[in-house]
Amino acid sequence: MPRTIYFDYNATTPLDPAVREAMLPFLGEIWGNPSSVHHVGQRARAALDDARDRAAKFLGAKPSEVIFTSGGTESNNLAIFGAARLLKSKGKHLITSAIEHHAVLHCFDYLEKKEGFEVTQLPVDPEGRVSVEVLKKAIRPDTVLVSVMAANNEIGTIQPVAEHGAVCRERGVVFHTDAVQWFGKEPFKNAGQFNADLVSVCAHKFHGPKGAGLLYIKSPLHPDPVAFGGGHENERRAGTENLAGIIGLVGAMEKFVNPPVFERAKLEPLAASLAEAVAKIEGAELVGSRNLRLANTVAFVVRGTDSIALLAGLDVEGVCASSGSACSAGSLEPSQVIKALGKPERANSLVRFSLGRDSTRAEVDFVGKVLPEVVRRAQLGK
Ligand SMILES: Cc1ncc(COP(=O)(O)O)c(C=O)c1O
């Protein structure tokens, strides 16, 4: 059997067996449509209501503040399009940061190009942080929405979102945070901790199923819907609910978010060893914050080669890593995050290792051992 070392937990995590077990009845005997009035549907409705109550309890929210979605992308789209369109008569200025996930950035691009909004993209400091002072200065009387992610997927930098949110609240501006990479990795108390009106969550980042997520919407905010049809999710997200996915999301959240399944005490020393190995390689440079970052994430750029060559070389060794950018069929989109860090000439050469629950010291040692040669071969184009 070829070796597999999976260091790509920020991309996705395996479904936990107990979470899968809890989902199975909803892929089998409980198959009704929760909107049906008959008893088959009502059995599904009872399970859906119970899942929403559990999610709300876990988040410290009201059940009506929980909107089940198909994951992080949809939660972000609903938050951004929904809030911007709702509030456009108040103002058409929006603020985000330069290092958001595409599921945020592309929403803002669309609103600017097609719907007449003006978007300010906040810069980041060399560690990838969005300064609270810079945000304060960027808010204008016509600003209606600010979106800053809680933790970055590519370089792991953690943002002071509770402070960003407090500034927005003081100025009467709606605040959204994409917390997809936060849940399961950083301490969680309740949805209020971000001082946000809108919080995006995605199950498959913490051993839940793919295609399941939620958007916390602080009442009384009622974003415009982006999907139209039935009156599901309190008129905010039309479409028959993915009950098995929702059960999996809620189960994984209860099991893996508090305390976080990504244990800092275990992962920090492993990530430190990997970072040490990277730092010794000629032409490699670590990126992101040394202190204010997710414990599982080590990201670096390399002189004289690109991510595709590096990832292919790692894969030959059985190591699954990622570039922050979208690679497909030999083409590479430069990393927006590395550009924002002021290193545009390195934006094609990002490699991200993201460790998780099953990562071991032996795996880290192996990667540390093969990495210099993988880099050297990639630099030589071999
Ligand atoms: C920060 C962030 N936001 C949003 C998403 C999109 O989530 P999903 O895969 O559930 O659509 C991801 C997934 O990589 C992410 O890392």
Side-chain angles (χ1 to χ4, degrees), residues 6-15 19 67-82 96-110 124 128-130 147-159 161 164 176-186 188 194 196 198-216 226-227 237 239 242 244-246 248-250 252-253 256-257 260-262 288-289 293-294 296-297 299 320-328 333 335-338 340 350 352-356:
Y6 186 77
F7 279 0
D8 202 11
Y9 284 82
N10 286 7
T12 196
T13 58
L15 182 62
V19 172
I67 303 301
F68 292 120
T69 68
S70 64
T73 299
E74 189 191 329
S75 294
N76 287 341
N77 275 253
L78 176 56
I80 295 163
F81 283 111
T96 189
S97 89
I99 64 159
E100 299 297 312
H101 190 274
H102 282 164
V104 166
L105 283 179
H106 290 177
C107 298
F108 282 105
D109 287 350
Y110 188 94
V124 293
R129 299 257 294 177
V130 177
S147 177
V148 179
M149 73 200 315
N152 183 267
N153 46 302
E154 294 190 24
I155 59 173
T157 299
I158 292 169
Q159 301 294 344
V161 279
H164 295 144
H176 165 246
T177 189
D178 172 351
V180 162
Q181 293 289 347
W182 178 283
F183 275 72
K185 298 199 178 82
E186 287 296 306
F188 179 79
F194 304 106
L198 298 151
V199 180
S200 300
V201 180
C202 153
H204 72 90
K205 306 293 186 184
F206 47 84
H207 301 283
K210 288 153 191 68
L214 65 81
L215 180 66
Y216 160 76
V226 293
R237 196 266 188 181
N242 168 14
I246 290 168
L249 159 73
V250 176
M253 203 161 64
F256 295 126
V257 169
V261 62
F262 289 76
S289 175
R293 65 174 179 83
L294 298 174
N296 76 321
T297 305
C320 306
S322 173
S323 77
S325 25
C327 302
S328 64
E333 204 182 311
S335 161
Q336 166 97 9
V337 176
I338 301 303
L350 178 67
R352 175 191 72 194
F353 292 128
S354 48
L355 281 55

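We count ligands from 1, going down the list as the structure has it; atoms in each ligand are counted the same way. All residue numbers in this chain count up from 1 along the given sequence.
In the vicinity of Cys202, heavy-atom distances shorter than 4.0 Å reach the ligand 1 atoms 10 (O). Under a 4.0 Å criterion applied to the non-hydrogen atoms of Gly71, ligand 1 contributes the atoms 10 (O). Of all atoms in ligand 1, listed by their number and element, those nearer than 4.0 Å to a heavy atom of Asn153 are 1 (C), 16 (O). Atoms of ligand 1 lying under 4.0 Å from at least one heavy atom of Met149, given by number and element, are 1 (C).
Nearest protein heavy-atom contact of atom 6 (C) of ligand 1 is Thr73 OG1, 3.5 Å. Among all protein heavy atoms, the one lying closest to atom 9 (O) of ligand 1 is His204 NE2, 2.9 Å. Summary of contacts: the protein heavy atom closest to atom 10 (O) of ligand 1 is Gly72 N, 2.7 Å. Ranking the protein heavy atoms by distance from atom 16 (O) of ligand 1 puts Gln181 NE2, 2.8 Å first.
Tyr9 and Tyr6 have perpendicular rings, their planes meeting at more than 60° on a 0 to 90° scale where under 30° would count as parallel.
The distance between the ring centers of Trp182 and Phe188 does not fall below 6.0 angstrom. Note: Phe81 and Tyr110 meet the aromatic proximity criterion, with ring centroids under 6.0 Å apart.
Here the shortest heavy-atom pairing between Ser75 and Leu214 reads OG-O, 3.0 Å.
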task: Check step by step if side chain to side chain donor-acceptor pair (under 3.5 Å) holds for Lys205 and Thr12.
output: CA-CA 5 Å; Lys205 306 293 186 184; Thr12 196; over 6 Å; no
Inset, instruction - Starting from the C-alpha separation in whole Å, work towards a yes-or-no answer on side-chain contact (heavy atoms from CB on, under 4.5 Å) for Thr96 and Val104. - result: CA-CA 8 Å; Thr96 189; Val104 166; 3.7 Å; yes
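Counting heavy atoms closer than 4.0 Å to ligand 1, residue Asn76 contributes side-chain atoms (C-beta onward) but none from N, CA, C or O. Residue contacts with ligand 1, taken as heavy atom pairs separated by less than 4.0 Å, involve Asp178 solely via side-chain atoms from C-beta onward. Contacts of Lys205 with ligand 1, taken as heavy-atom pairs under 4.0 Å, involve the side chain alone.
Here the side chains of Asn296 and Asn10 are in contact, with some heavy-atom distance below 4.5 Å. At a threshold of 4.5 Å between non-hydrogen side-chain atoms, the residues Glu154 and Leu350 count as touching.
Checking His102, His101, Lys210 against atom 2 (C) of ligand 1, the nearest heavy atom belongs to His101.
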